[in-house]
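For reference, the structure is listed below as structure tokens.
As the structure lists them, so they are numbered: ligands from 1, and atoms in each ligand from 1. Quick caveat, the model's predicted, so the values are computed rather than measured.
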Amino acid sequence: MIQLKDVSYVRLGSPDLEQAEQFATACLGLQIAERGKADLYLRSDDRSHTLCYSEGNPKDQTVGFEVDDEASLQNAAATLEALGHGVHAGTAEEADRRKVKAFIGFRDPSGNHIELVVRPERSGRRYFASRDAGITGFSHVGLNSTDPARDERFWTQICNARVSDRIGDIPLMRVNAIHHTIALVRAPQAGIQHINHQVESSDDVLRSYHFLNERRVPIVFGPGRHPTSGARFLYFKGPDGMIFEYSVGVDEIEDEATHRPRQFGFEPTSFCMWGSKPAGMTLPNK
Ligand SMILES: CC(C)c1ccc(C(=O)O)c(O)c1O
Ligand SMILES: [Fe+2]
């Protein structure tokens, strides 16, 4: 069994790094950690980076998850290869570019590009962004899934994710005590469905709603409150249509042994208990 510890980073291809930088710093509220030759590294917490825009095709999207050590990485590679997943062993140069000690890459059953990493770099300097969005850290991703039941089996049976709750066929899965780190959302093709950052307070969510609205950043859902994790949220669109979420107050699962996932219907009230309806996201809005 592969034991995922946490989500580590997202890498997104971008045809326009300047536009990506403008959005990430002036709207989203991330801090520039470094500008490489073709990479823009961004921070949201005490890690060296949690988002990297890389010159290229916006369809190139990767999520990195941390595993314990190099032995776990070798075991993970063997497990995945035995299941028929092509595994790429990252070269030293590729690992440097990701600021990790070592990594492997593979595709999940829907075709999402996933990396498992060992020893992602931390920063000794405190995260300090030029826009005060109240971000406390990168927290979870939504992944497109062409078959959520199949992919749920992959993530739970092979990668030790546990289902905290389900909305219709969307599993919200945890890899540690936090309610969820991965959500699988039905879609016709692979891709990252959304990228979540936690913020400090409900005030930050509402402040950002007005701030982003004034700057004509498309708000696609919220402000609202998820009945599943209990979090107050806001979703908005960034470059190349990528959806970002701020949320605050995500539950933790107190007792791993006794937690039973709840089933919610695939309807708007299961996504927002305040009555907000998604617009421009592939979620039910009636
Ligand atoms: C996948 C969807 C939109 C979703 C549903 C529930 C929660 C939550 O309980 O926090 C999310 O964060 C989501 O992104
Ligand atoms: Fe989310």
Side-chain angles (χ1 to χ4, degrees), residues 6-7 10 28 44 50-51 61 63 65 108 110 112 133 135-149 151-152 155 161-188 190-202 204-205 208-209 218-238 241-254 259-286:
D6 201 356
V7 66
V10 163
L28 185 55
S44 59
T50 51
L51 174 60
Q61 303 176 347
V63 185
F65 293 93
D108 79 356
S110 280
N112 290 302
I135 288 178
T136 55
F138 170 44
S139 186
H140 70 254
V141 289
L143 289 177
N144 286 349
S145 168
T146 54
D147 183 343
D151 293 357
E152 180 186 313
W155 287 101
R162 285 87 67 196
V163 178
S164 293
D165 284 315
R166 289 187 191 83
I167 309 174
D169 63 1
I170 300 177
L172 299 165
M173 299 179 293
R174 66 188 182 281
V175 299
N176 48 39
I178 298 166
H179 181 273
H180 61 286
T181 298
I182 308 163
L184 298 174
V185 181
R186 186 180 286 280
I192 295 177
Q193 188 261 347
H194 77 277
I195 298 171
N196 173 282
H197 293 90
Q198 293 294 297
V199 293
E200 206 170 281
S201 70
S202 299
D204 292 314
V205 171
S208 279
Y209 170 70
I219 307 286
V220 292
F221 194 14
R225 183 164 191 189
H226 289 302
T228 36
S229 69
R232 277 76 70 197
F233 66 80
L234 183 71
Y235 295 82
F236 50 98
K237 254 188 198 161
M242 179 55 67
I243 292 174
F244 290 87
E245 176 187 22
Y246 292 137
S247 71
V248 57
V250 171
D251 282 344
E252 295 208 352
I253 300 300
E254 278 171 16
H259 180 77
R260 296 203 53 214
R262 296 166 297 175
Q263 177 69 55
F264 291 79
F266 193 68
E267 58 206 10
T269 50
S270 301
F271 293 91
C272 178
M273 57 204 286
W274 291 346
S276 167
K277 304 259 166 61
M281 276 178 95
T282 51
L283 297 176
N285 59 9
K286 281 196 196 73

Report, in ascending order of atom number, the atoms of ligand 1 lying under 4.0 Å from any heavy atom of [X].
| X | value |
| --- | --- |
| L283 | 3 (C) |
| H180 | 7 (C), 8 (C), 9 (O), 10 (O), 11 (C), 12 (O) |
| E245 | 12 (O), 14 (O) |

Would you kindly specify which portion of [X] sits under 4.0 Å from ligand 1, judged on non-hydrogen atoms: side chain, backbone, both or neither?
| X | result |
| --- | --- |
| V250 | neither |
| I167 | side chain |
| Y235 | side chain |

Check whether any heavy atom of N196 sits under 4.0 Å from an atom of ligand 1.
no
At what distance, to the nearest 0.5 angstrom, does [atom1] of [X] lie from [atom2] of [Y]?
| X | Y | atom1 | atom2 | answer |
| --- | --- | --- | --- | --- |
| S270 | L283 | OG | CG | 11.0 Å |
| D169 | D147 | CG | CG | 8.5 Å |
| E252 | I178 | CD | CD1 | 6.0 Å |
| D151 | S145 | CG | OG | 3.5 Å |
| I182 | Q193 | CD1 | CD | 13.5 Å |
| H226 | F264 | NE2 | CZ | 11.5 Å |

Quick check: do H140 and E245 have side-chain heavy atoms less than 4.5 Å from each other?
yes
H140 near the Fe ion (ligand 2) via N/O/S, less than 2.8 Å:
yes
Any N/O/S atom of H226 sitting less than 2.8 Å from the Fe ion (ligand 2), backbone or side chain?
no
Of all N, O or S atoms in E245, the one closest to the Fe ion (ligand 2) is OE1
Would you check if there is a donor-acceptor pair between the side chains of D165 and H180 at a distance under 3.5 Å?
no
Suppose we measure from atom 10 (O) of ligand 1 to each protein heavy atom; which comes out shortest, and what is that distance?
S229 OG, 2.6 Å
Minimum-distance protein heavy atom relative to atom 1 (C) of ligand 1:
V185 CG2, 3.8 Å
Do any nitrogen or oxygen atoms of T228 come within less than 3.5 Å of a nitrogen or oxygen of ligand 1?
yes
For the aromatic rings, using the six-membered ring if either is Trp, is the centroid distance between Y209 and F236 under 6.0 Å?
no
